[in-house]
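All values below come from the heavy atoms of this structure, side chains included, with hydrogens, waters and symmetry mates left out. Computed from a prediction, not measured in an experiment: that's the story for all the values here. In the text below, chain A, chain B and the rest are named by the order of the sequence lines, each starting its count at 1.
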There are 4 protein chains.
Amino acid sequence: MSAAATTSQPRRPRSGNRRDEAARLAVLHAADDLLVEHGFGALTVEAIARRAGVAKQTIYRWWPSKVEILLDTLIEDSAKRIPVPADEPTAESVRGYLRGFARFLTRDPAGKVLLALLAEAQHDPDTARSLHERCLAPRRARERAMLTGATDAGEIAPTLGPDATMDALLGPIVYRALTGASIPRGLVDTLVDALLRPRAN
Amino acid sequence: MSAAATTSQPRRPRSGNRRDEAARLAVLHAADDLLVEHGFGALTVEAIARRAGVAKQTIYRWWPSKVEILLDTLIEDSAKRIPVPADEPTAESVRGYLRGFARFLTRDPAGKVLLALLAEAQHDPDTARSLHERCLAPRRARERAMLTGATDAGEIAPTLGPDATMDALLGPIVYRALTGASIPRGLVDTLVDALLRPRAN
Amino acid sequence: MSAAATTSQPRRPRSGNRRDEAARLAVLHAADDLLVEHGFGALTVEAIARRAGVAKQTIYRWWPSKVEILLDTLIEDSAKRIPVPADEPTAESVRGYLRGFARFLTRDPAGKVLLALLAEAQHDPDTARSLHERCLAPRRARERAMLTGATDAGEIAPTLGPDATMDALLGPIVYRALTGASIPRGLVDTLVDALLRPRAN
Amino acid sequence: MSAAATTSQPRRPRSGNRRDEAARLAVLHAADDLLVEHGFGALTVEAIARRAGVAKQTIYRWWPSKVEILLDTLIEDSAKRIPVPADEPTAESVRGYLRGFARFLTRDPAGKVLLALLAEAQHDPDTARSLHERCLAPRRARERAMLTGATDAGEIAPTLGPDATMDALLGPIVYRALTGASIPRGLVDTLVDALLRPRAN
DNA sequence: CTATAAACGAGACGGTACGTCTAGTCTTATC
DNA sequence: GATAAGACTAGACGTACCGTCTCGTTTATAG
């Protein structure tokens with residue numbers, strides 16, 4: 001309470017057991033597996049707990065909803081599988097990004113997670129907000145940087161602003177994935193040609 | 001009523017009361033209202049029955065699931081609000097169709113139904129099948145006719161096939177609606193210009 | 001709408017399926033069995049539902065708590081096993097009643113129900129109220145009648161009022177049952193002799 | 001322990017490897033208070049720990065169950081409030097003991113503890129055993145001594161053996177406390193008169 | 001003019017999952 | 001080594017809907 005008290009740093013009453021990393025990973029994997037194997041309908045908190053060998057309370061302690069569990073896996077997976085190109089500001093890198101995105105949505109099990117969250121966001125405003133804040137907005141920021149970089153480098157000349165351009169490029173890919181259609185190589189090429197170099201042709 | 005009628009259906013196993021049209025409409029409106037007012041999460045069969053003043057069994061008797069209720073309303077509404085142009089095979093009519101589509105998704109309460117069904121289709125294969133068979137496929141057939149008509153008339157010259165072209169046009173609109181973004185007039189114009197008259201400019 | 005309709009009595013808006021008697025009995029028996037076999041600690045609503053082959057909601061629909069289930073069985077059983085003598089206003093019938101009571105508490109499985117409810121009443125005011133209103137008070141009314149009848153007939157001459165007399169007679173029996181002690185024949189005899197015929201000896 | 005020890009830890013006489021008496025008392029008082037204030041239903045280990053400002057583990061380390069906590073307080077309180085008379089082997093001292101007992105059960109907050117434990121003993125065999133071994137049996141031994149002392153002194157002449165006599169005296173008192181009834185002075189007097197001096201009148 | 005049979009409202013039923021609570025155990029870091 | 005803090009597994013709590021199944025009533029045709 002005297003000088004000694006003043007010297008002591010803001011009290012760190014930290015103690016107690018720390019979070020169990022194994023439990024955290026078990027939950028993430030269980031959620032992922034259940035979604036891929038049995039669909040979103042089978043993705044209940046009880047089922048996740050059962051499959052992960054974890055108590056329900058452990059899930060509720062760390063995640064406010066099953067949607068946040070999926071978001072955790074999605075953020076990690078999408079960062080690995082479909083990083084936004086930041087180094088080479090070329091039209092080709094944009095094309096490559098879109099092809100990777102298409103492959104992710106149609107072939108990668110983790111792509112199902114994005115589609116499921118995009119779907120759930122239509123049913124639940126909280127999901128919509130979380131999906132935007134934690135996944136879509138950060139990615140969009142990097143996508144904008146990718147486009148403006150390439151534009152500044154003279155590689156592309158989009159008619160629309162960066163946001164609308166990205167939506168025009170991604171929209172068809174996402175929509176076909178949502179409707180269960182494949183995404184042919186020509187579609188991506190045409191989108192890039194038509195929207196990024198409208199006059200350069 | 002006459003001898004002819006009696007002859008045409010000699011064994012009428014049918015008897016008793018016929019379907020109550022008032023109950024049918026009450027269910028459709030209750031489902032629509034609940035979706036718009038409280039979201040898909042509040043759209044339970046019990047809530048629909050409660051709001052419609054109808055017994056649950058009456059719903060289960062006529063609809064296999066709540067999704068089919070929504071489909072019934074969607075098919076009727078979309079036929080009225082966003083008919084596929086069939087008379088004038090011009091680029092302008094395509095543009096008008098896309099603008100109507102964008103307005104439907106972002107402004108019309110009935111547009112929420114389409115987004116909700118598209119979402120639910122990600123969670124449930126039965127919904128996906130119904131949505132395609134009863135809504136998306138018939139509309140796509142008319143959209144294809146619209147595009148081929150305009151192409152034959154020399155009004156447009158799409159690079160892609162009619163299906164991919166429609167997805168490239170609709171995808172951005174749907175995607176922005178799904179992510180809660182508005183759909184600016186310039187986006188539709190650019191899509192039409194870039195994808196339907198790539199060389200005609 | 002005619003005079004006939006007006007004449008018809010106020011319509012009985014009865015509809016819906018009636019209560020399932022089999023489910024009701026299954027619940028009562030399951031609760032009883034669980035209490036006797038595994039004790040009050042194992043008497044959870046889930047366990048009752050499981051053992052009765054009944055949905056939890058069915059229990060919650062008809063009983064506000066598991067205590068009321070036990071009360072239902074207790075009221076029925078105690079009416080059968082330890083009826084309060086009403087016909088013969090003799091000291092002997094009182095003695096017989098107390099012996100039956102002692103046997104009920106120590107030998108009859110249903111006696112465990114009374115002890116459990118008396119115990120639970122100490123933990124929960126709602127139980128205390130229900131136990132009094134539905135079981136103890138009605139029985140006490142009949143016990144009072146028994147005592148006053150015998151007193152009027154000159155068979156007994158209790159010093160205390162009927163309530164205190166009954167408590168003085170039953171208290172030792174209940175207390176020994178609560179503490180797991182047997183109830184010897186001499187105890188009942190001495191209580192009757194000492195409290196009902198203090199001067200008659 | 002001496003001045004040297006004090007010097008070695010100038011500011012921290014507290015903590016170390018011995019049992020923390022402050023924690024022990026905090027737990028006992030918290031349990032007592034919770035029982036009196038919110039009833040047995042609110043008496044959870046978590047609530048005790050919370051109210052006592054003590055870790056759950058500290059409770060589990062020293063007490064096998066919350067029942068033992070209550071027993072600790074009960075033994076201490078009952079020894080103080082209702083000691084069994086050992087000095088004067090008179091009928092009057094027995095009467096005084098019973099009156100004290102009645103007052104303890106109906107007026108003293110600590111009396112609630114005995115009723116709660118007697119109740120819990122019906123639900124849980126471990127509680128029953130502990131209650132007997134640590135509380136009821138030792139007290140009963142002293143009560144027996146009280147009765148035999150008075151009998152030998154010619155002050156009383158009970159018909160029944162000492163155990164049954166004590167149960168016949170205490171039973172009505174306990175039963176009325178359990179059922180929420182008051183214990184009138186006349187009841188105790190009549191019990192003493194009727195059971196201890198059946199022929200001496 | 002009945003008699004039948006379908007559709008209706010009401011709602012009980014066996015279930016599944018929800019999100020919360022407490023039990024009792026185990027771990028970490030502090031004193 | 002005892003403590004405060006608190007994460008962990010386990011499982012019951014009471015609620016909301018699910019989809020199925022009677023009930024008894026209503027009503028439009030069939031006989």
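Rounded to an integer number of Å, the gap from CZ of C:Phe40 to P of F:dA12 is 15 Å. Remark: C1' of F:dC8 and CG of A:Asp20 are 7 Å apart, rounded to the nearest angstrom. Between B:Arg19 atom CZ and F:dA28 atom C1' the separation is 17 Å, expressed in whole Å. Atom CG of A:Leu25 and atom C1' of F:dC8 are 16 Å apart (whole Å). Rounded to whole Å, the distance from CD on A:Glu21 to P on E:dT28 is 14 Å.
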Notebook entry, point to check: With the sugar-phosphate defined as primed atoms, P, OP1 and OP2, and the base as all remaining atoms, what B/S/- string results for nucleotides 17-23 of chain E, 5' to 3', for protein heavy atoms under 4.0 Å?
Noted result: SBBBBSS
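The side chain to side chain donor-acceptor pair (under 3.5 Å) analysis of residues 22-33 of chain D, with sequence neighbours excluded, yields the pairs D:Glu21-D:Arg24. Screening residues 116-125 of chain C for side chain to side chain donor-acceptor pair (under 3.5 Å) gives C:Asp124-C:Thr127 as the qualifying pairs, with residues at least two apart or on separate chains.
For the pair C:Arg61 and E:dC13, the criterion of a side-chain N or O lying under 4.0 Å from OP1 or OP2 is met. Phosphate contact (OP1/OP2 of F:dC8, side-chain N/O of A:Trp62, threshold under 4.0 Å): present. Within the structure, every side-chain polar atom (N or O) of A:Thr58 is placed at least 4.0 Å from both OP1 and OP2 of F:dA7.
Closest of all the heavy-atom pairs between C:Ala42 and C:Ala47 is O-CB, 3.7 Å.
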Show me the donor-acceptor pairs, under 3.5 Å and distance only, between side chains in residues 48-61 of chain B and residues at least two apart or in other chains.
from: B:Arg51; atom 1: NH2; to: B:Glu37; atom 2: OE1; distance (Å): 2.6
from: B:Arg51; atom 1: NH2; to: B:Glu37; atom 2: OE2; distance (Å): 3.4
from: B:Lys56; atom 1: NZ; to: B:Glu46; atom 2: OE2; distance (Å): 2.7

Let me have the donor-acceptor pairs involving side chains of residues 64-74 of chain A, under 3.5 Å, with sequence neighbours excluded, atom names and distances please.
from: A:Ser65; atom 1: OG; to: A:Val67; atom 2: N; distance (Å): 3.2
from: A:Lys66; atom 1: NZ; to: A:Leu43; atom 2: O; distance (Å): 3.0
from: A:Glu68; atom 1: OE1; to: A:Arg134; atom 2: NH1; distance (Å): 2.8
from: A:Glu68; atom 1: OE2; to: A:Ser130; atom 2: OG; distance (Å): 2.5
from: A:Asp72; atom 1: OD1; to: A:Arg134; atom 2: NH1; distance (Å): 3.3
from: A:Asp72; atom 1: OD1; to: A:Arg134; atom 2: NH2; distance (Å): 2.7
from: A:Asp72; atom 1: OD2; to: A:Trp63; atom 2: NE1; distance (Å): 2.9
from: A:Thr73; atom 1: OG1; to: A:Leu70; atom 2: O; distance (Å): 2.8

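Note that the two end axes of the helix from E:dC1-F:dG31 to E:dC31-F:dG1 enclose an angle of 10°, each drawn from 5 base pairs, rounded to 10 degrees.
Side-chain proximity of C:Asn17 to the nucleotides F:dC8, E:dA12, F:dT9 is greatest for E:dA12. For A:Ala55, the listed nucleotide lying nearest its side chain is F:dA10; candidates were E:dC13, F:dT3, F:dA10.
Sorted by residue number, the list of members of residues 26-39 of chain D with any non-hydrogen atom under 4.0 Å from DNA chain E is empty.
With sequence neighbours excluded, the residues forming a salt bridge (Lys or Arg N to Asp or Glu O under 4.0 Å) with B:Asp126 are B:Arg129, listed by chain and number.
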